[in-house]
Amino acid sequence: MKKEFTLVLLAASIAFSGVWIGNALKNKSQVSNKSLGVLSLSEASDYLKIREQIIKQIIRQEDKVLSESGTFSGMMFPYTEINGQYIFSKKSLDKWVEEASESRLIYSEEGILK
């Protein structure tokens, strides 16, 4: 009886340890992009408290101004696109908001107003 109890206790300990170590490794390997300062479109939308469509509209409007005039005054909305997915730097978004606020840029459905 004592041997059987010891084996059951040992088996339970091994099972518990395996689950515990597995969870620790899983959590370590899934370092959040947010903690690295990298945001997806939906995370950037939440961070800036504006809809994803508005972010896309700003990007399109700035690209239009740049392609039509060959220049853009001030900092453009910071992003990179990889395989159709937008990636944002949290620091760059903060810098853009600060600069856009200082220059009082106005983005509307009609375009960019100053």
Side-chain angles (χ1 to χ4, degrees):
M1 174 93 174
K2 187 176 180 184
K3 248 187 196 179
E4 292 166 349
F5 178 74
T6 304
L7 286 174
V8 169
L9 186 58
L10 179 62
S13 297
I14 291 171
F16 174 76
S17 298
V19 169
W20 182 66
I21 292 170
N23 283 336
L25 291 173
K26 181 180 175 185
N27 290 337
K28 185 176 181 180
S29 68
Q30 292 179 343
V31 174
S32 168
N33 285 340
K34 230 188 266 188
S35 68
L36 298 174
V38 178
L39 304 174
S40 67
L41 177 59
S42 64
E43 290 168 333
S45 172
D46 290 342
Y47 182 67
L48 295 173
K49 299 190 180 6
I50 58 176
R51 293 182 325 216
E52 291 178 23
Q53 289 298 66
I54 299 296
I55 292 174
K56 290 178 181 181
Q57 178 182 331
I58 290 170
I59 291 169
R60 280 192 307 274
Q61 288 174 342
E62 290 181 346
D63 285 345
K64 182 179 178 188
V65 169
L66 183 61
S67 69
E68 288 176 356
S69 68
T71 184
F72 188 86
S73 177
M75 181 179 178
M76 292 182 74
F77 196 86
Y79 75 97
T80 190
E81 189 174 350
I82 302 172
N83 291 330
Q85 299 227 359
Y86 292 103
I87 306 295
F88 304 90
S89 159
K90 195 173 178 182
K91 274 186 187 177
S92 295
L93 289 175
D94 290 338
K95 187 175 176 183
W96 176 81
V97 167
E98 187 175 325
E99 188 171 313
S101 297
E102 287 173 359
S103 60
R104 296 186 183 232
L105 284 180
I106 299 171
Y107 292 86
S108 72
E109 289 182 15
E110 292 81 39
I112 303 170
L113 312 171
K114 289 200 174 196

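When reading the values below, keep in mind they use all heavy atoms of this one structure, side chains included, and skip hydrogens, waters and symmetry mates.
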Query - side-chain contact (heavy atoms from CB on, under 4.5 Å) against Leu41, all qualifying residues, sequence neighbours excluded - result: Glu52, Ile55, Lys56, Tyr86, Phe88
Query raised in the report: Between Lys64 and Ser67, what is the shortest heavy-atom contact and its length?
Result: O-OG, 3.1 Å
**Report entry** Partner set under side-chain hydrogen bond (donor to acceptor under 3.5 Å, both in side chains) for Glu68, not counting sequence neighbours
**Finding:** none
Report summary line: Rounding to 0.5 Å, atoms CD (Glu43) and NZ (Lys90) come to a distance of 9.5 Å
Query - Gln61 (side chain) donor-acceptor with Ile58 (main chain) under 3.5 angstrom - result: no
Report summary line: Sorted by chain and residue number, the side-chain contact (heavy atoms from CB on, under 4.5 Å) partners of Leu66 (sequence neighbours excluded) come out as Phe72, Met76
Report summary line: The reported gap from OG in Ser73 to CD in Glu62 (rounded to nearest 0.5 angstrom) is 11.0 Å
Report task. Using side-chain hydrogen bond (donor to acceptor under 3.5 Å, both in side chains) as the criterion, list what pairs up with Thr80, not counting sequence neighbours. Result -> none
Report task. Applying ring pair (Phe, Tyr, Trp, His ring centres under 6.0 Å), name anything that partners Tyr107, two or more places apart in sequence or on another chain. Result -> Trp96
Report summary line: Tightest non-hydrogen contact, residues Glu109 and Gln57, listed as CA-NE2, 3.4 Å
Report summary line: CD of Glu99 to NZ of Lys95, rounded to nearest 0.5 Å, is 7.5 Å
Requested in this report: Kindly state each residue pair satisfying ring pair (Phe, Tyr, Trp, His ring centres under 6.0 Å) with at least one member in residues 43-67, sequence neighbours excluded.
Outcome: none
Report summary line: In this structure, CG of Leu93 is separated from CZ of Phe77 (nearest 0.5 Å) by 5.0 Å
Report task. Just jot down the side-chain hydrogen bond (donor to acceptor under 3.5 Å, both in side chains) partners of Ser101, sequence neighbours excluded, or say none. Result -> none
Query - Close side-chain approach of Ser40 and Ile87, heavy atoms under 4.5 Å - result: no
**Report entry** Under the side-chain hydrogen bond (donor to acceptor under 3.5 Å, both in side chains) test, residues paired with Ser45 that sit two or more places apart
**Finding:** none
Report task. Can you sort out the partners of Thr71 under side-chain contact (heavy atoms from CB on, under 4.5 Å), two or more places apart, ordered by chain and number? Result -> Ser69
Requested in this report: Output the distance between atom CE (Met75) and atom OG (Ser103), rounded to the nearest 0.5 Å.
Outcome: 11.0 Å
Requested in this report: Determine, step by step, whether Ile106 and Ile112 satisfy the side chain to side chain contact (heavy atoms under 4.5 Å, CB included) criterion, reporting the C-alpha distance in whole Å, the side-chain angles of both residues, the deciding distance to 0.1 Å, and the verdict.
Outcome: CA-CA 6 Å; Ile106 299 171; Ile112 303 170; over 6 Å; no
